[in-house]
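Below you'll find the structure, written out as structure tokens, and then a few comments.
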Amino acid sequence: MIDARVKVPHPVNEPVLSYAPGSPERAALKAELARQSGEVLEIPMVIGGERVTTGEQRDAVMPHRHAHVIGRYHWGETSHMDQAIAAAQDAREAWMAMPLRARSAIFLKAADLLAGPWRQRINASTMLGQSKTAFQAEIDAACELADFFRFNAAYAEQIHGDQPGSVRGLWDQVDYRPLDGFVLAVTPFNFTSIAANLCAAPALMGNTVVWKPSLLAMHSAYQLMLLFEAAGVPPGVINLVTGDPASLVDRALESPDFAGLHFTGSTAVLKALFGKIGERLDRYRAYPRIVGESGGKDFIVVHPSAKDDLDAVATAIVRGGFELQGQKCSAASRCYVPRSMWPALKARLIEMVASLKMGDVADFRNFMGAVIGRAAFDRNAAYQEHARSSSGIEVVCGGNADDSVGYFVEPTIALVEDPQDKLMAEEIFGPIVGVHLYDDDAYEETLALCDATSPYALTGAVFSRDRGAIEIALRMLRHAAGNFYINDKPTGAVVGQQPFGGSRASGTNDKAGSAQNLLRWVSPRTIKETFVPPVAPGYPFMDAE
């Protein structure tokens, strides 16, 4: 043991590599892409440290080349969820007894493995399985995830160091216990870093985890499981299960040992899980913690004073709306633009979108890959058809989709007359951006419209050179976005700089990448120690006059 008050290393954001032509990281990533493309990875479940296989396998394919199989994952049943819960419970006592500094050391090692020898392995897996470009994979799977591991260790130390004061004769302490049971992590396809953090954050705080990853990101999920093991996460602390999502999750919610849900996914699913948990409260040992981040209908509001910033506005719309094919819950999806600015802005947008290349992400000249799968393709194609066929909507650019080789959806901008049209109100989760024009003197009315149109409140941005207009937007849109951007796109939150999360239909706003999130995975115990306890029941006020 170490009888010292140690401190974790001060966290610093992982530098984003450029992957420019001739750079060593570009050559290394290209080689790893070729290696992983040339093999079919067998992906078992991992329960209690054991590889669990079944008689049924499903294909993991490249979205941009959907005939190319890169992995086959084993299909589990509800019995495997039972096994995973049992493994998590078996590992719980030893894991929560491990000092925080030791648990932190494991995830700090994971960060250094990720930033070093595992970097291109995770990046390539994310690119091939989730159709991310090299840059999008780098900022997600390598940099953001390393940041999560490092900053969370520092935040955990900060939490444990928050102790009460004591008066003479007493010593008051707070014990930051893990939750009384296991945490269920239900993770999305679009961010490898989110998938890992939804498991790692509760585990760092002493919890054991059952992990159900998205079936659309099984290749990178298994790579993450191998990374956890290489860093020294003990068997049973994080358990990976696959199979029918609804059946597996429902089985986990039946367990009396269910203590918390760490979720990122759709709003409809999060609401359904809230309801199911509420119906089962009588069976749980304690009230479960629910931390959920769900959908968004993220906005950009342009003030007339930004008329000389058209290139910046257009870049924010294009990058914010079309990076990762718009498959970010923070992606720009609706824009409010002054009428006087539209002709010039429209020209810039058409020029920028025309310059974007879309295709196989192994070709680094491409700005975009494919949407994740058949269901996403069909959903986006239906919104494009709505834009093409509706009166009052002008397709400014894009508007088509092609699934012959991969699930490719053109970056689409539509001018929408009705601000309540579904292009302006519904989450699309694809590369489709609606633009509504407003009269230049109706800025405040437009802010009110923006606030009321969507049930979501995740991210949003305002462009303005008028400080007064910015302050008005900050006030009127105070509850419309959990992450608010001034003169920037509404995407790209960085751990340690912009803690991420939204409210309303966008989730519980527990801010991934901050101490606020980690606090949700502990159940504090107050300890009062009296050094010289009283030996008689009376008090001074009882004495005679």
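Keep in mind that what you see is a predicted model, and the values were worked out from it rather than measured.
His80 pairs by the ring pair (Phe, Tyr, Trp, His ring centres under 6.0 Å) definition with nothing, not counting sequence neighbours. The salt bridge (charged side-chain N to carboxylate O under 4.0 Å, His left out) check on Arg251 picks up Asp82, with sequence neighbours excluded.
Summarising the local packing, CZ of Arg177 is surrounded by more than 12 heavy atoms from other residues, nucleotides or ligands at distances under 6.0 Å.
With hydrogens and angles disregarded, a donor-acceptor distance shorter than 3.5 Å links the side chain of Ser506 to the backbone of Ala457. Under a 3.5 Å cut-off, the side chain of Ser255 and the backbone N or O of Ala252 do not form any donor-acceptor pair. In this structure a side-chain-to-backbone donor-acceptor pair under 3.5 Å is missing from His262 to Val183. Judged by distance alone, the side chain of Lys297 and the main-chain N or O of Ile428 form no donor-acceptor pair under 3.5 Å. The closest donor-acceptor contact from the side chain of Asn13 to the backbone of Gly496 lies at 3.5 Å or more, if one exists at all. The closest donor-acceptor contact from the side chain of Gln325 to the backbone of Val409 lies at 3.5 Å or more, if one exists at all.
For the residue pair Asn190 / Gln130, no side-chain donor-acceptor distance below 3.5 Å is found, with atom types taken as modelled. Defined by atom type and a distance below 3.5 Å, a donor-acceptor pair is missing between the side-chain atoms of Trp75 and Thr242. For the residue pair Asn517 and Asn152, no side-chain donor N or O sits within less than 3.5 Å of a side-chain acceptor on the partner. For Tyr73 and Gln57, the side-chain atoms include no donor-acceptor pair closer than 3.5 Å. A side-chain donor from one of Gln136 and Lys328 sits under 3.5 Å from a side-chain acceptor of the other. Checked by atom type, the side-chain pair Thr267/Ser294 shows a donor-acceptor distance below 3.5 Å. The closest side-chain donor-acceptor pair between Asn123 and Glu32, if any, does not fall under 3.5 angstrom. Residues Tyr485 and Asp298 have side chains that never bring a donor and an acceptor to within less than 3.5 angstrom of each other. If you check the side chains of Asn239 and Lys212, you find no donor sitting under 3.5 Å from an acceptor. Donor-acceptor pairing under 3.5 Å is recorded for the side chains of Lys489 and Thr491.
The salt bridge (Lys or Arg N to Asp or Glu O under 4.0 Å) test with Asp180 is passed by exactly one of Arg289, Arg525, Arg92: Arg92. Applying side-chain hydrogen bond (donor to acceptor under 3.5 Å, both in side chains) to His74 and the options Arg51, Glu42, Arg58 leaves one that passes, Glu42.
Here the CD1-CZ distance, from Ile290 to Phe274, works out to 4.0 Å after rounding to the nearest 0.5 Å. To the nearest 0.5 Å, atoms CE (Met127) and CD1 (Ile122) are separated by 13.5 Å.
Using a 4.5 Å heavy-atom cutoff, the side chains of Gln36 and His219 are in contact. Counting heavy atoms from C-beta outward, Trp95 and Pro234 have side chains that approach closer than 4.5 Å. Inter-residue side-chain proximity for Ser193 and Phe148 is flagged as met; some heavy-atom pair is nearer than 4.5 Å. Met98 places a side-chain heavy atom less than 4.5 Å from the side chain of Ile106. Residues Asp140 and Thr126 meet the side-chain proximity criterion, which asks for heavy atoms closer than 4.5 Å. Put simply, the side chain of Asp360 reaches to within 4.5 Å of the side chain of Arg65, judged on heavy atoms. A heavy-atom distance below 4.5 Å is found between the side chains of Arg26 and Ser23. Phe377 is not listed as a side-chain neighbour of Ile372, based on a closest heavy-atom distance of 4.5 Å or more.
A cation-pi contact links Arg121 to Trp118, judged by a cut-off of 6.0 Å to the six-membered ring centre and 45° from its axis. Stacking of Lys30 on the aromatic ring of Tyr19 is not recorded, the 6.0 Å distance cut-off and the 45° axial limit not both being met.
Using a cutoff of 4.0 Å between basic side-chain nitrogens and carboxylate oxygens, Asp112 and Arg119 are not scored as salt-bridged. Using a cutoff of 4.0 Å between basic side-chain nitrogens and carboxylate oxygens, Glu14 and Arg150 are scored as salt-bridged.
Ring orientation note: the planes of Tyr176 and His160 are tilted relative to one another, at an angle of 30° to 60°.
Aromatic ring centroids of His66 and Tyr407 lie under 6.0 Å apart.
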